[in-house]
Colleague: 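Have a look at the structure that comes next, please.
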Amino acid sequence: MKRIIKSKKGFTLIELLVVIAIMGILAAIAVPSTIQYLGSTNEQAEKSYTEDILSQARLAVTELNTADYPVTSSAVVDIINDEYLVNSSFPYPVYHINDNAAVPTVDQVASQNEDFVAGTQNMIVVYAGGDGMITVYFYRDGAEVPEYRQDTLV
């Protein structure tokens with residue numbers, strides 16, 4: 001009698017399930033840490049944007065003071081948009097607010113800015129007070145992020 005030798009080709013179901021389980025465990029470890037890293041990177045970038053806008057607002061106030069124009073929030077934002085954000089990849093719109101009685105709401109920003117884009121979720125708002133104080137607010141998903149608020153005297 002002749003024996004027929006079968007060659008073993010492919011993987012068994014158990015082997016495939018073990019490999020899939022190992023890959024699942026590795027993904028469960030890697031994905032949360034990657035998401036956390038990306039989130040912290042975005043937060044650092046957002047805070048950096050508010051600091052950049054604050055320094056640009058200081059430059060704009062200097063220009064306005066030397067030109068004898070009134071230092072208003074809208075004038076500061078106009079200079080920022082016209083001179084500093086032209087051809088830049090700045091990801092957030094910059095608006096102004098003229099009433100700094102409290103933290104500005106999105107509705108106040110919309111009512112004072114003709115170019116306000118409805119549905120804007122992430123934005124930066126600049127307030128330049130007559131007392132020489134500039135405040136920069138950052139809004140994420142329509143709500144102010146207080147820890148990103150930047151202000152300075154000029």
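Predicted model, so just to flag it, every value in this text is computed and none were measured. Throughout, numbering of the chain's residues begins at 1 and tracks the sequence. Worth knowing before you read on, the calculation uses all heavy atoms, side chains too, and leaves out hydrogens, waters and symmetry mates.
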Colleague: Would you compute the distance between atom CG of Asp78 and atom NE2 of His96 and round it to the nearest 0.5 angstrom?
Modeller: 7.0 Å

Colleague: With a 4.5 Å cut-off on side-chain heavy atoms, are Lys47 and Glu147 touching?
Modeller: no

Colleague: Give the minimum heavy-atom separation between Ile29 and Ser33, together with the two atoms involved.
Modeller: O-OG, 3.6 Å

Colleague: Is there a path of hydrophobic side-chain contacts, each under 4.5 Å between heavy atoms of I/L/V/M/F/W/Y residues, joining Ile14 to Ile22?
Modeller: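 Same cluster.
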
Colleague: Look only at the side chain of Gln112 and the backbone of Asn98, and say whether a donor-acceptor pair between them is shorter than 3.5 Å.
Modeller: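 Judged by distance alone, yes, a pair lies under 3.5 Å.
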
Colleague: Over all heavy atoms of both residues, which pair between Val77 and Val94 is shortest? Give the atoms and the distance, please.
Modeller: CG1-O, 3.6 Å

Colleague: Hey, quick one: are Val117 and Val109 part of the same hydrophobic cluster, counting side-chain heavy atoms closer than 4.5 Å, chains of contacts allowed?
Modeller: yes

Colleague: For Asp151 and Val136, indicate whether the former's side chain and the latter's backbone hold a donor-acceptor pair under 3.5 Å.
Modeller: no

Colleague: What's the spacing between Leu64 CG and Ile79 CD1 if we round to 0.5 Å?
Modeller: 3.5 Å

Colleague: To the nearest 0.5 angstrom, please state how far the CD1 atom of Ile80 sits from the OG atom of Ser73.
Modeller: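 It is 9.5 Å, given to the nearest 0.5 Å.
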
Colleague: Taking all heavy atoms of Thr34 and all of Ala30, pick out the closest pair and write down the distance.
Modeller: OG1-O, 2.9 Å

Colleague: What's the spacing between Glu51 CD and Gln56 CD if we round to 0.5 Å?
Modeller: 12.0 Å

Colleague: side-chain contact (heavy atoms from CB on, under 4.5 Å) for Arg58 and Thr152? Distances and angles first, verdict last.
Modeller: CA-CA 9 Å; Arg58 281 190 206 118; Thr152 187; 3.3 Å; yes

Colleague: Taking the side chain as every heavy atom from C-beta outward, state whether Tyr139 and Val103 have any atom pair closer than 4.5 Å.
Modeller: yes

Colleague: Of Ile124, Val126, Ile134, which is the lone residue that meets side-chain contact (heavy atoms from CB on, under 4.5 Å) with Leu54?
Modeller: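 The side-chain contact (heavy atoms from CB on, under 4.5 Å) with Leu54 is passed solely by Ile134 among Ile124, Val126, Ile134.
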
Colleague: What is the distance from atom CZ of Phe116 to atom OH of Tyr95, rounded to the nearest 0.5 Å?
Modeller: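 Interatomic distance, Phe116 CZ to Tyr95 OH, rounded to 0.5 Å: 5.5 Å.
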
Colleague: How far apart are the closest heavy atoms of Pro32 and Ala28, and which atoms are they?
Modeller: CD-O, 3.1 Å

Colleague: Nearest 0.5 Å, please: how far is CG in Asn122 from CZ in Phe138?
Modeller: 5.0 Å

Colleague: Check the hydrophobic clustering (I, L, V, M, F, W, Y; side-chain heavy atoms under 4.5 Å; chains of links allowed) and say if Leu26 and Val18 are grouped together.
Modeller: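 Yes, one cluster joins them.
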
Colleague: Do side-chain atoms of Thr135 reach the backbone of Tyr127 as a donor and acceptor pair under 3.5 angstrom?
Modeller: no

Colleague: Determine, step by step, whether Val19 and Glu15 satisfy the side-chain contact (heavy atoms from CB on, under 4.5 Å) criterion, reporting the C-alpha distance in whole Å, the side-chain angles of both residues, the deciding distance to 0.1 Å, and the verdict.
Modeller: CA-CA 6 Å; Val19 169; Glu15 290 170 331; 5.7 Å; no

Colleague: Quick check: closest heavy atoms across Tyr92 and Met123, and the distance to 0.1 Å?
Modeller: CB-CA, 4.2 Å

